[in-house]
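Just so it is clear: chains get the letters A, B, ... in the order the sequence lines come, proteins before strands, and each one is counted from 1.
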Amino acid sequence: MFGSFGRILLVRPAAISLRHFCAASPSNSKLFVGGLSWSVDEKSLHDAFSSFGEVTEVRIMYDKGSGRSRGFGFVHFATDYEAKCAKDAMDGKAFLGRPLRISFALEKVRGGPVVVPRLATPMDSRS
DNA sequence: GTTGAGCGTT
């Protein structure tokens with residue numbers, strides 16, 4: 001008969017862990033899109049990225065002095081999954097004749113980090 | 001009509 005295999009190979013190597021939990025990159029639902037052509041508009045990017053997921057926000061930086069796009073922008077997705085998918089799908093691809101440079105955008109907020117809205121006025125500082 | 005790495009309100 002089948003000899004009793006006393007050696008049960010239930011040894012599971014715990015090598016499969018700590019993979020996507022390593023925040024080596026600010027992978028958020030916000031995507032930084034660079035390498036854009038100076039003729040690209042938000043509508044084009046929204047239409048191009050909405051095909052990979054639900055785009056909630058599309059922001060392209062423009063220049064005041066020239067009025068043209070600075071060549072880079074930001075694309076916000078509904079989930080980081082769609083953002084990651086769009087990045088992996090559109091990163092390195094050509095858009096309007098220019099290769100796209102996509103990467104996870106840094107959490108930049110208007111106003112930056114909290115600047116401690118507290119007037120650290122020493123009491124000996126009288127007018 | 002110009003130029004081409006990047007990281008935010010043009």
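The residue L36(A) sits close to a base: some heavy atom pair falls under 4.0 Å. Here S69(A) lies out of heavy-atom contact (under 4.0 Å) with every strand. Residue G73(A) is classed as having no contact, given no heavy-atom separation below 4.0 Å to the nucleic acid. At the heavy-atom level, S37(A) lies under 4.0 Å from base atoms of the strands shown.
Checking the phosphate oxygens (OP1, OP2) of dT3(B), no side-chain nitrogen or oxygen of R68(A) falls inside 4.0 Å.
Put simply, CZ on F32(A) is 7 Å from P on dC7(B), counting in whole angstrom units. Between I60(A) atom CD1 and dG6(B) atom P the separation is 20 Å, expressed in whole Å. Note: NZ (K30(A)) to C1' (dC7(B)) measures 13 Å, nearest angstrom. Protein atom OH of Y62(A) is 17 Å distant from nucleotide atom C1' of dG4(B), rounded to whole Å.
With sequence neighbours left out, the side-chain contact (heavy atoms from CB on, under 4.5 Å) criterion links D88(A) to no other residue. Scanning for ring pair (Phe, Tyr, Trp, His ring centres under 6.0 Å) contacts around F95(A) gives an empty result, with sequence neighbours left out. Partners of S51(A) by side-chain contact (heavy atoms from CB on, under 4.5 Å), not counting sequence neighbours: none found. Taking the side-chain contact (heavy atoms from CB on, under 4.5 Å) definition, one finds that D47(A) meets it with nothing, sequence neighbours left out.
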Return all side-chain donor-acceptor pairs below 3.5 angstrom for residues 33-46 of chain A, not counting sequence neighbours, or 'none' if the list is empty.
residue, atom, partner, partner atom, Å
D41(A), OD1, S44(A), N, 3.4
D41(A), OD1, S44(A), OG, 2.4
E42(A), OE2, I60(A), N, 3.2

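Contact detail for A89(A) and F52(A): the closest heavy-atom pair is CB-CE2, 3.3 Å.
Both G34(A) and E42(A) lie close to DNA chain B; mapped to their nearest nucleotides by heavy-atom distance, the more 5′-ward contact belongs to G34(A). Of the two residues contacting DNA chain B, namely D63(A) and G71(A), the nearest-nucleotide position lying further toward the 5' end is that of G71(A).
With a 4.5 Å cut-off on side-chain heavy atoms, V58(A) and F74(A) do not count as touching.
dG4(B) has W38(A) stacked on its base ring, the centres lying under 5.5 angstrom apart and the planes within 30 degrees of parallel.
If you check residues 88-101 of chain A against DNA chain B, the residues with a heavy atom closer than 4.0 Å are R98(A), R101(A), listed by number.
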